[in-house]
Amino acid sequence: MRVFFVSVALIAIMAGAAKAESFTFAARTDVVNRIVAPVAGSKTIVAQFSNGEIEATYSSRKVLSKSQCATWPAPTGGTFTASGVCLALDSDGSQFTVVVSCRVVDDKNTVSDYFGQLTGVSGQYQGKTGTVSWRSTAGGEGKSSSQVGTGLWN
C-alpha cells in the first residue's frame with residue numbers, strides 16, 4: 001500500500017513539473033507616444049508607450065503575439081532605471097501581462113536588461129505565472145528597439 005501512495009505522489013509531482021514550459025523569444029517594438037512631464041524640484045519624467053511584435057519559440061511550437069507597453073523612470077538611487085508593464089495578445093486570442101524592471105547597461109543609453117513577472121490573463125495562459133528576462137537594443141533613430149530573451153511559464 002505504501003508503494004502505491006509513493007507512486008501516486010511521484011506521478012502528481014511529475015505532472016506538475018510537466019506544466020512548466022520554457023521559451024525563447026525575439027521582438028521588435030516601435031515608440032508610438034511619449035509624454036514629457038517637467039516636475040518641480042526633480043528631473044523631467046518621460047513615459048514612453050510602444051507597440052510591437054513577439055515571436056516566441058517553445059519546444060513544440062512558435063507563437064506570434066502583438067504587444068502594447070508603457071515604461072517610466074524608476075525611483076532614483078535604486079538598481080533599476082525604469083519600470084513598465086506590457087499586455088500581449090497572441091494570434092489565437094490568448095493574453096498575458098508582463099510587469100518589468102529594467103536597467104541601462106551601456107554608456108550610450110541604448111542597451112538595457114529587463115526582468116519581469118508574467119501573468120496569464122486568458123486562453124492558453126489562463127491561471128499561469130512565470131518569469132521573463134531580455135536584452136533590448138535601441139535602434140539608431142531612437143524610435144524602435146529589438147529584444148531577445150527567455151522565459152518560463154510555471
Side-chain angles (χ1 to χ4, degrees), residues 15-154:
K19 291 181 183 179
E21 190 173 26
S22 63
F23 61 94
T24 59
F25 68 93
R28 177 177 160 75
T29 56
D30 295 301
V31 174
V32 295
N33 193 20
R34 282 189 177 114
I35 297 174
V36 179
V39 177
S42 182
K43 292 173 61 174
T44 297
I45 295 175
V46 179
Q48 182 167 286
F49 302 88
S50 60
N51 292 337
E53 295 183 352
I54 306 164
E55 182 177 308
T57 303
Y58 293 84
S59 62
S60 62
R61 69 189 191 286
K62 286 192 185 266
V63 177
L64 300 176
S65 307
K66 301 258 185 211
S67 66
Q68 296 179 327
C69 299
T71 58
W72 52 88
T76 57
T79 301
F80 298 106
T81 53
S83 298
V85 63
C86 297
L87 175 64
L89 175 65
D90 289 2
S91 55
D92 72 355
S94 298
Q95 287 186 319
F96 63 91
T97 61
V98 185
V99 176
V100 298
S101 295
C102 52
R103 61 187 178 95
V104 174
V105 296
D106 73 335
D107 292 339
K108 296 179 183 178
N109 203 27
T110 59
V111 179
S112 297
D113 287 338
Y114 286 73
F115 309 92
Q117 175 184 343
L118 298 166
T119 300
V121 176
S122 65
Q124 66 181 331
Y125 308 110
Q126 184 72 46
K128 294 182 179 181
T129 60
T131 58
V132 66
S133 62
W134 69 89
R135 176 153 282 188
S136 180
T137 305
E141 77 292 341
K143 294 185 179 182
S144 68
S145 60
S146 59
Q147 298 81 30
V148 177
T150 187
L152 176 71
W153 284 105
N154 298 315

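What you see below is based on every heavy atom in this structure, not just the backbone, and it leaves out hydrogens, waters and symmetry mates. Index from 1, following the sequence.
Between Ser94 and Gln124 the shortest heavy-atom distance is OG-N, 2.9 Å. Contact record, Thr44 with Val36: CG2-CG1, 3.5 Å, taken as the closest heavy-atom pair. Residues Val98 and Gly116 come closest through the heavy atom pair CG1-CA, 4.3 Å. Taking each heavy atom of Gln126 and Val121 in turn, the nearest pair found is OE1-O, 2.6 Å. Among all heavy-atom pairs drawn from Ala56 and Phe23, the shortest one is CB-CD1, 4.3 Å. Between Glu53 and Ser67, the shortest heavy-atom contact is N-OG, 4.4 Å.
With hydrogens and angles left out, the side-chain atoms of Ser145 and Gln147 include a donor and acceptor closer than 3.5 Å.
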(Q) One pair to check against side-chain contact (heavy atoms from CB on, under 4.5 Å): Trp72 and Val85. What are the steps and the verdict? (A) CA-CA 9 Å; Trp72 52 88; Val85 63; 4.1 Å; yes

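Taking the side chain as every heavy atom from C-beta outward, Val132 and Tyr114 never approach each other to under 4.5 Å. Annotation: side chain of Arg34 is in contact with side chain of Gln48 (closest heavy-atom distance under 4.5 Å). Inter-residue side-chain proximity for Phe115 and Arg103 is flagged as met; some heavy-atom pair is nearer than 4.5 Å. No side-chain heavy atom of Val46 sits less than 4.5 Å from a side-chain heavy atom of Pro73. Counting heavy atoms from C-beta on, the side chains of Gln95 and Leu89 come closer than 4.5 Å.
Applying side chain to side chain donor-acceptor pair (under 3.5 Å) to Tyr125 and the options Thr97, Asp90, Thr119 leaves one that passes, Asp90.
Expressed to the nearest 0.5 Å, how far CG of Asp113 lies from CZ of Phe80 amounts to 9.5 Å. Considering CG of Leu87 and CZ of Phe96, their distance stands at 8.5 Å, rounded to 0.5 Å. Atoms OG1 and NZ, on Thr29 and Lys143 in that order, are 14.0 Å from each other to the nearest 0.5 Å. Leu118 CG to Thr129 OG1: the interatomic distance, rounded to the nearest 0.5 Å, is 8.0 Å. Between the OG atom of Ser22 and the OH atom of Tyr58 there is a distance of 9.5 Å, given to the nearest 0.5 Å.
Although no hydrogens or angles enter the test, the distance criterion places no donor-acceptor pair under 3.5 Å between the side chain of Ser83 and the main chain of Ala74. Checking side-chain atoms of Thr81 against main-chain N and O of Val104 turns up a donor-acceptor pair under 3.5 Å. At least one donor-acceptor pair closer than 3.5 Å links the side chain of Asp106 to the backbone N or O of Val111.
Each disulfide bond (SG atoms under 2.5 Å apart) pair with one or both residues in residues 40-86, not counting sequence neighbours, appears once here: Cys69-Cys86.
Open room surrounds CG on Asp107; 12 or fewer heavy atoms of other groups in view lie less than 6.0 Å from it.
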